[in-house]
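Remarks on the structure that follows.
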Amino acid sequence: MAGKHNSRYSVTLAVVLLVFSSVPTVATAEWLGATRAQMGTEVRVYLWHENKEHASLAAEAVFTEIARIEALMSTYKEDSEISAVNRDAAMSGVPVGDELYELVVRSLDISVLTRGAFDITYDSVGQHYDFRAGEHPDEDTLRASLPKIDYRLVKPRASDRSIRFLAAGVRINLGGIAKGYAVERGVAILRQLGISNAIVTAGGDSRLLGDRRGQPWVVGIQNPRADDEVTLRIPLVDEAVSTSGDYERYFMEDGKRYHHIISPVTGEPANGVQSATIVGPDAVMTDALSTSVFVMGVDSGLRLIATLPDYEGIVIDADGRMFYSDGLRPPAAE
Ligand code: ADP
Ligand code: MG
């Protein structure tokens, strides 16, 4: 018996040794790409590591982290923390975990910064749109729910980390910021796992880790009116980049484009812009700012970006013209 065990053991050992001795030749210089349907979009991880197995474990760890965040923050999940807030916060403060609490507080700060263009209570009206089914709120619903878009109706309380709404009918949704948070967390996980060259993307939000091993990453900005046509390519290293567009989730009715970025003033899709792209150090900010600048429009959007030294922006207006923030404007155009 003992002999059998021993021989089996040595066979296993040989296999392990074989795998290890083949590492330097076979599994070197590997880029690994993996995708997963998460957060209502496609999450993509692209990373470099010498060891293929470690690379796929690392990608898997990102998906696990993003699933965890989605379980907290998705309004489509009845048992998420945010769904509990939307159900009960008009009656009494709902205690939440640190992450949701902090992200709500950051969202409210960004509402102040953007003078209300970014407003997580957009969903008080936004919940009545269904872009897949081609549905928008009727006039009565819009009139009744529009006053409930107001970030000042959301009261976080630090002492018990609770969220309270000051009126019934208020609803919050982190769709304009949670994907940025998710890719930021994804990259943090990769860093912990010893990865130093990677991209984590969730829909329109990407966080780049390091460079492409000696070269910058090249990020393409899509032509909002032509799928798969890249309008502009920008080289980037170790930055976050987010694009908000009117072409991702929309339907047409009577010649009008109903898309998913809502003006808090009208409760209707914001017009004047086809896409807004923001580049900067923090994906939470680039995500929220791309949505904000889309709502604010070219002029006040780029004026806001000019006040934020670490952030740059590219806005494509309703006629397809491109506008750049000062830090990005090509010298030839000056
Ligand atoms: P995506 O990456 O999904 O295209 P964006 O960053 O462009 O997302 O943000 C659009 C999402 O933000 C919408 O689907 C919605 O969940 C949310 N949203 C829409 N309007 C606003 C707004 N005015 N303020 C904050 N969030 C908004
Ligand atoms: Mg955004």
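In each ligand, atom 1 is the first atom listed, and ligand 1 is the first ligand listed. Note that the structure is predicted; figures quoted are calculated from it, not measured.
- Between R106 and V284, some side-chain heavy-atom pair lies under the 4.5 Å cut-off.
- For F118, heavy-atom contacts with ligand 1 shorter than 4.0 Å involve the backbone as well as the side chain.
- Between the side chains of S83 and E78, not a single donor N or O lies within less than 3.5 Å of an accepting N or O.
- Sequence neighbours left out, the pairs with a member in residues 228-244 that pass salt bridge (charged side-chain N to carboxylate O under 4.0 Å, His left out) are R207-D238.
- Residue D119 approaches ligand 1 through these ligand atoms, each under 4.0 Å from one of its heavy atoms: 22 (C), 24 (N), 25 (C).
- Look at E70 and K179 and you find no salt bridge, because none of the NZ, NE, NH1 or NH2 atoms lies under 4.0 Å from a carboxylate O.
- Between the side chains of T277 and T243, at least one donor-acceptor pair of N or O atoms lies under 3.5 Å.
- Close contacts of ligand 1 with D287, meaning ligand atoms under 4.0 Å from a residue heavy atom, involve 6 (O).
- Every atom of ligand 1 is numbered from 1 in the order shown, and the set under 4.0 Å from a heavy atom of K179 is 1 (P), 2 (O), 3 (O).
- Distance CZ/R171 to CG/N86: 5.0 Å, rounded to 0.5 Å.
- Set against the non-hydrogen atoms of I261, the atoms of ligand 1 under 4.0 Å away are 7 (O), 10 (C), 19 (C), 20 (N).
- Among S111, A276, S244, the residue whose heavy atom lies nearest to atom 7 (O) of ligand 1 is S244.
- Of the N or O atoms in G176, one or more lie within a sub-3.5 Å distance of an N or O in ligand 1.
- Looking at D123 against ligand 1, nothing comes within 4.0 Å, counting heavy atoms.
- Geometrically, ligand 1 and T243 share no nitrogen or oxygen pair separated by less than 3.5 Å.
- The part of A117 lying near ligand 1 is the backbone, judged by heavy-atom distances below 4.0 Å.
- Taking every non-hydrogen atom of D205 and a distance limit under 4.0 Å, the qualifying atoms of ligand 1 come out as 2 (O).
- Residues S124 and T121 have side chains that never bring a donor and an acceptor to within less than 3.5 angstrom of each other.
- Contact annotation: P264 has at least one heavy atom less than 4.0 Å from an atom of ligand 1.
- Using a 3.5 Å distance cut-off with no hydrogens or angles, the side chains of Y181 and E99 do pair a donor with an acceptor.
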